Number of protein chains: 2
Amino acid sequence: MPLDQLPRHHGGADALARLLGQALLAGEWQPGEAFPRELDLCQHFDVSRNQVRNALASLTATGLIERTAGRGTRVCPISDWHLLDPLMSDWLAGLNNPDPQLVREIFAFRYSAEPVVAGLAASAAEPRDIAEIDRAFQGMRITANAGQTEQHVEHDLAFHEAIYRASHNLVWRQMGHLLRPSIVALIQRSQHSVATLDDSLRRHGRVLEAIRTGRPMAAEQAARDVLKRTAIDLGIVAEAIDA
Amino acid sequence: MPLDQLPRHHGGADALARLLGQALLAGEWQPGEAFPRELDLCQHFDVSRNQVRNALASLTATGLIERTAGRGTRVCPISDWHLLDPLMSDWLAGLNNPDPQLVREIFAFRYSAEPVVAGLAASAAEPRDIAEIDRAFQGMRITANAGQTEQHVEHDLAFHEAIYRASHNLVWRQMGHLLRPSIVALIQRSQHSVATLDDSLRRHGRVLEAIRTGRPMAAEQAARDVLKRTAIDLGIVAEAIDA
DNA sequence: CTTGCCAAAATGTCAGACATTTAATAGGCT
DNA sequence: AGCCTATTAAATGTCTGACATTTTGGCAAG
């Protein structure tokens with residue numbers, strides 16, 4: 001609501017869309033509330049109406065706002081947000097402190113979906129896919145120490161995304177986008193001790209092994225185990241539920 | 001590629017985006033191929049450059065095309081398409097003869113995902129959700145004869161969408177959009193005899209019952225059975241694999 | 001109290017000129 | 001001949017101002 005509290009921006013319409021989108025994702029406006037008018041945005045950010053309109057078009061496309069001629073611009077309820085839009089995932093991943101509720105929802109999705117995806121991957125993966133997963137895994141191993149969390153996270157991401165790709169299904173592959181916000185939230189919340197990193201690595205390894213040997217059931221279970229570890233690190237569940 | 005073969009359109013930029021989007025989905029252009037220039041589109045459809053640019057912006061947002069200044073507009077490969085974008089689902093559902101490959105991919109996704117969703121629904125559904133599913137089911141029952149396929153399909157859609165909603169997960173709910181193209185393709189391909197309709201109805205009923213009584217495992221299995229029936233009707237697998 | 005009309009305010013649209021980026025091309029130098 | 005560079009052409013991107021359309025609310029007449 002307080003437009004004045006938003007920072008100035010640098011860059012084109014995409015940067016503006018990102019700024020406004022992230023403000024909306026952070027809950028700066030309540031659903032149903034009115035969004036600032038075009039001309040106010042022009043004035044505040046000192047950009048042309050063109051750029052504002054382009055940015056607002058992106059926000060409309062992601063279901064964050066709804067615009068009608070004469071009425072104005074209103075903020076949509078969370079249930080209307082297109083969480084699967086890659087743009088949205090990108091904005092979410094760049095958010096400093098995403099809504100915990102949202103993080104939990106996305107994680108709950110992963111917890112139910114990723115075992116299935118791993119199972120499909122175990123059935124459908126070709127040597128090239130396995131090589132890609134393996135490369136990401138080796139990357140995780142090498143960077144599994146305190147000073148390289150940045151690179152470790154990238155390899156972690158690549159690992160999971162490669163599994164989605166290995167499912168060889170167009171729809172599942174699209175969902176790989178959701179991984180980035182989920183995993184980025186992970187590092188922002190958890191302090192990876194050496195012990196948990198080692199444990200996490202071992203569990204990832206079991207997923208890789210199950211996919212490599214083509215055992216869907218084992219892959220499902222292994223993926224579930226990885227996510228149990230992740231749930232603990234995210235602070236979603238208390239420690240020590242599983243073995 | 002042959003721009004001249006596209007029909008004239010009536011309506012605004014949204015209608016134009018729909019027209020072009022469906023042409024792309026129908027495979028009128030090969031991936032990597034060049035897309036007509038803005039001014040050519042303006043001339044051919046006799047609309048302003050604004051409308052063309054808005055339409056092309058939608059196509060860009062759905063990952064169908066990629067635009068770069070100076071270079072032009074090129075068609076993206078299928079793997080880049082945002083199949084989960086509601087706009088895309090809408091266009092797909094309105095397509096007369098969608099790419100069989102695409103239909104199969106979407107169905108394969110549903111076959112792996114929907115049992116999980118039904119299981120979640122069995123765990124999380126509240127009375128209101130169950131009432132909604134039940135209402136859709138009764139609608140299917142009433143319209144289960146030859147002359148009312150139109151309404152029957154709508155109730156069928158409502159049934160499955162209600163289950164996605166009953167999962168009470170923001171991400172899964174978004175995926176309900178994919179149902180429409182999938183189910184619309186179903187009626188275009190299969191001639192519902194009275195016997196298959198009755199069978200399909202019985203299987204849907206078992207899903208409802210499992211969700212109502214809160215049995216996730218049973219719901220998973222029942223959902224799988226519904227989709228096996230659907231696979232036969234879609235011509236994806238031969239008859240009579242299951243009981 | 002209701003109805004109808006008008007005015008204000010917001011988004012949507014148009015037209016034209018201009019800016020920027022990219023690719024191809026022609027030309028000159030070694 | 002071959003390579004490097006400057007120029008040109010062609011496409012998308014941007015800006016600006018005016019105008020159109022839709023919605024809402026208020027005001028006045030019935």
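Heavy atoms only: backbone and side chains are in, while hydrogens, waters and symmetry mates are out. The shown structure was predicted, so the numbers you read here are calculated from the model rather than taken from an experiment. A note on names: the letters A, B, ... follow the listed sequences, proteins ahead of strands, and every chain is numbered from 1.
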Practice task
Determine whether more than 12 heavy atoms belonging to other residues, nucleotides or ligands lie under 6.0 Å from atom CG of B:Asp14.
Solution key: no
Problem - Derivation and outcome, side-chain contact (heavy atoms from CB on, under 4.5 Å), residues A:Val52 and A:Val47 - result: CA-CA 7 Å; A:Val52 168; A:Val47 296; 3.7 Å; yes
Handout entry: Side-chain donor-acceptor contact under 3.5 Å, B:Thr62 with B:Trp91
Key = no
Handout entry: Inter- and intrachain pairs under salt bridge (Lys or Arg N to Asp or Glu O under 4.0 Å), touching residues 52-74 of chain A, at least two apart
Key = A:Glu38-A:Arg53, A:Glu38-A:Arg67
Handout entry: For A:Leu120 against A:Ser167, the heavy-atom pair lying closest together
Key = CB-CB, 4.1 Å
Handout entry: A:Gln138 and A:Arg135: side chain donor to acceptor below 3.5 Å
Key = no
Output a table of nitrogen or oxygen pairs between the protein and nucleotides 15-18 of chain D separated by less than 3.5 Å.
unit_1 : atom_1 : unit_2  : atom_2 : d
D:dC15 : OP1    : A:Gln51 : NE2    : 3.0
D:dC15 : OP2    : A:Ser48 : OG     : 2.6
D:dC15 : OP2    : A:Gln51 : NE2    : 3.4

Practice task
Would you name the heavy atoms of B:Phe109 and A:Asn169 that are closest together and state the gap between them?
Solution key: N-ND2, 3.6 Å
Handout entry: Contacts of type ring-ring contact (aromatic ring centres under 6.0 Å, His included), residue A:His204, not counting sequence neighbours
Key = A:Phe159, A:His160
Completion exercise
Its 5'-most and 3'-most nucleotides having an atom under 4.0 Å from a non-hydrogen atom of chain A, DNA chain C is contacted over C:dA10 to C:dT13
Completion exercise
Contact check, residues 60-78 of chain A vs DNA chain C, heavy-atom distance under 4.0 Å, returns A:Arg67, A:Thr68, A:Ala69, A:Gly70, A:Gly72, A:Thr73
Exercise for the section: Return the orientation label for the B:His177 and A:His82 ring planes: parallel under 30°, perpendicular over 60°, tilted otherwise. Expected result: perpendicular
Exercise for the section: Return each pair, listed once, that meets salt bridge (Lys or Arg N to Asp or Glu O under 4.0 Å) where at least one residue sits in residues 76-90 of chain A; pairs must be two or more places apart or across chains. Expected result: A:Arg18-A:Asp90
Practice task
Grab the CG-C1' distance between A:Asp14 and D:dT14 for me, whole Å please.
Solution key: 13 Å
